[in-house]
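Throughout, a chain's letter reflects where its sequence line sits, starting with A, and its residues are numbered from 1.
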Number of protein chains: 2
Amino acid sequence: MTPRTGADELTEQPRIPLSRRRVLRAAVGLADRDGLDSLTMRRLAQELDVEAMSLYHHVANKEAVFDGIVEVVLAEIMDAVDGVDAPAPEDDWQAALRARILAAREVLLRHRWAPQVLGSRPDASPAVIAYLDHVLAVLRAGGFSFDLAHRALHVLGSRALGFTQELFQPDGARTADAAAAEMMEQMAGRFPNIVWMLSGALHDDQDGTLGFCDDQFEFEFALDLILEGLERRRAAG
Amino acid sequence: MTPRTGADELTEQPRIPLSRRRVLRAAVGLADRDGLDSLTMRRLAQELDVEAMSLYHHVANKEAVFDGIVEVVLAEIMDAVDGVDAPAPEDDWQAALRARILAAREVLLRHRWAPQVLGSRPDASPAVIAYLDHVLAVLRAGGFSFDLAHRALHVLGSRALGFTQELFQPDGARTADAAAAEMMEQMAGRFPNIVWMLSGALHDDQDGTLGFCDDQFEFEFALDLILEGLERRRAAG
DNA sequence: ACCTGAACACCGTTCAAGT
DNA sequence: ACCTGAACACCGTTCAAGT
C-alpha cells in the first residue's frame with residue numbers, strides 16, 4: 001500500500017520514530033485485521049518495520065500493550081458517545097442512555113477483540129472509569145439514587161459498553177443457518193426444547209433467510225427490557 | 001498427599017494408566033488451584049507424572065483440553081441443577097429458573113476460570129446446548145412462545161449459567177475498599193459521578209465493612225429484574 | 001497400545017552491544 | 001537516546017523410536 005521505494009527515497013528520509021502512540025495504533029490495526037492471537041510482540045514489530053526488542057522502549061511489556069489498546073478503543077467510544085444525538089438526560093434518561101450505549105456498541109463492532117481484552121484486565125482502567133462516570137451522570141440526571149445507580153451499573157454490566165457475553169459465539173464461517181440445520185438433524189431426540197425453539201424460528205421465517213439471532217435486534221430487546229426494569233425501580237423510589 | 005514410596009512399592013504396582021478422563025480432571029484441578037495461565041500441556045503432564053507428549057494420546061491438542069474442561073464443569077452444573085429444590089416450572093417458572101441459575105452459579109464460583117474458557121469456545125458445545133435445552137424446558141412450561149423463549153436466552157446470556165461479564169474484575173488482593181479509597185483520593189475532580197456514587201455507599205455503610213459490590217446481591221438483583229421483565233412480556237402475550 | 005526423547009517452530013523478555 | 005543481535009526460558013506440537 002505505501003511503497004517504501006520511490007521518489008521520496010532520494011531525500012534519504014529518516015524513518016518516523018517509534019512512539020507509544022504508533023505502537024498502540026499498529027496493535028489495534030493488527031488485532032482488527034488478523035485477530036487477537038496474531039497480536040504478538042514479534043509480529044507487531046514486523047508491522048512497524050522494526051525489531052521486536054525495540055518495542056520495549058515504548059511499552060513496558062505485552063500486558064501494557066493490552067492496556068494500551070483498551071485505552072485506544074475507549075477513547076473512540078468516548079468520542080462517539082460525546083457526538084450522540086439524543087434527548088437530554090434530565091428529560092428522558094432512558095433515551096439518553098440507550099443512544100449512548102448503542103453508539104458505544106457501534107465502535108465495539110469495529111474492534112471485535114475488544115470485549116475479550118477488556119474482560120481480561122484485572123483492574124479498572126481510567127478510561128473505563130471515565131466512561132462509567134459518564135453513564136452515571138445520565139442516571140443521576142434521570143433521578144437515580146446512588147444505590148440504584150450503582151446497581152444499574154451492575155445490571156448493565158458489559159452491556160453498558162455495548163456488548164454482551166454470549167454462551168458461545170457462532171463465527172462467520174458457520175452461519176446460524178448451518179448451526180441450526182445441524183442441530184435439527186443430529187439432536188432431534190436429545191434436545192427437544194431446542195428443536196421446539198428452532199422450529200418456531202423456521203416457521204416464522206418469511207423471506208427464507210432464517211432471520212435467527214439478529215444480534216442488533218436481540219441487543220436492543222435486552223437493553224430495553226433492562227432500562228424499563230430500572231425505570232420501574234427508580235419510579236418506585 | 002499420595003506418597004509413591006512405601007509398602008505398596010514392593011508389589012511393583014503399575015501406574016494407573018492415563019485416560020482422557022484423568023487428563024481432564026487433572027486439568028480442572030490445575031486451573032482451580034493455579035489459574036488458567038498455569039494450565040500448559042507441560043505442567044499438566046507434570047501433574048500426572050508423565051511426559052507432555054503422552055497427553056496427545058488422549059486429547060487431540062490443547063484446544064481439546066479446553067473443550068474437555070468445559071464439559072466437566074457443565075456436567076457438574078447439570079448435576080447441581082437436577083438436584084435443585086424449587087417449584088415446578090408449570091406453577092412458577094420464575095422461581096424454578098431462579099433456583100436453577102443460582103445453583104449453576106454456585107458451581108461456577110468453584111471454577112473461576114470457567115467463564116473465560118466458555119466465552120472463548122467458538123462453537124456451542126453439546127454440554128452447553130443440553131443446559132440451554134433444560135432452561136428452555138422451564139420457559140416452555142411457563143408458557144413462553146418460542147420467540148420469547150429465544151429472546152429470553154439472549155437477554156439472560158451468560159447469566160443463564162450464573163455469571164456475568166463485568167467491565168473489570170477487582171481481584172482478591174485489592175479489595176473493593178482499597179479500590180474505592182484510591183478512587184476517592186486520586187479522582188475526586190475528574191470523576192464527580194463516581195465520587196457521588198461511592199460517597200453514597202460510604203454513607204450507607206452501617207457496619208463499617210463498606211458492603212460495596214456484594215456480588216451475590218448484585219447478581220440476584222439483576223436476575224430478578226430480568227425475570228420480571230420477561231414475565232411482563234410473557235403476560236402481555 | 002502406550003509412552004518417550006529429541007527436535008522444530010514459535011513465544012515474551014533480558015542484556016550487552018552497537019550507532 | 002534509540003535501536004539491535006544473540007541468547008534464555010518457556011510454549012504447543014511432530015516424529016521416529018522405544019517397550
Review point. Is the NZ or CZ atom of B:Arg105 both under 6.0 Å from the centre of the six-membered ring of B:Phe219 and within 45° of that ring's axis?
Key: yes
When you measure from the side-chain N and O atoms of [X] to the phosphate of [N], is any distance below 4.0 Å, counting only OP1 and OP2?
X       : N      : answer
A:His58 : D:dC2  : no
A:Ser54 : D:dT4  : yes
A:His57 : D:dT4  : no
A:Thr40 : C:dC11 : yes

Whole Å only: how far is the [atom1] atom of [X] from the [atom2] atom of [N]?
X       : N      : atom1 : atom2 : answer
B:Glu51 : D:dC11 : CD    : P     : 14 Å
A:Arg20 : D:dA1  : CZ    : C1'   : 19 Å
B:Leu44 : D:dT13 : CG    : C1'   : 15 Å
A:Tyr56 : D:dC2  : OH    : P     : 18 Å
B:Leu55 : D:dT13 : CG    : P     : 11 Å
A:Leu48 : D:dT4  : CG    : C1'   : 15 Å
A:Leu30 : C:dC11 : CG    : P     : 11 Å
B:Met41 : D:dC10 : CE    : C1'   : 15 Å

Exercise for review: Would you please classify the geometry between the A:His154 ring and the A:His150 ring as parallel, tilted or perpendicular, with 30° and 60° separating the classes?
Suggested key: perpendicular
Practice item. Would you indicate whether the side-chain heavy atoms of B:Arg25 and B:Val72 approach each other to under 4.5 Å? Key: no
Review point. Is A:Met53 touching bases, backbone alone, or none of the nucleic acid, heavy atoms closer than 4.0 Å?
Key: base
Study note, to complete from the structure: Across every strand shown, the nucleotide meeting Watson-Crick or G-U wobble geometry with C:dT14 (both distances under 3.5 Å) is D:dA6
Exercise for review: Check the side chains of B:Arg159 and A:Gln165 for a donor-acceptor pair under 3.5 angstrom, ignoring hydrogens and angles.
Suggested key: no
Point to revise | Partner residues of A:Arg98 under the salt bridge (charged side-chain N to carboxylate O under 4.0 Å, His left out) criterion, sequence neighbours left out | key: A:Glu220, A:Asp224
Point to revise | Earlier contact from the 5' end, DNA chain C, for B:Arg42 and A:Glu63 | key: B:Arg42
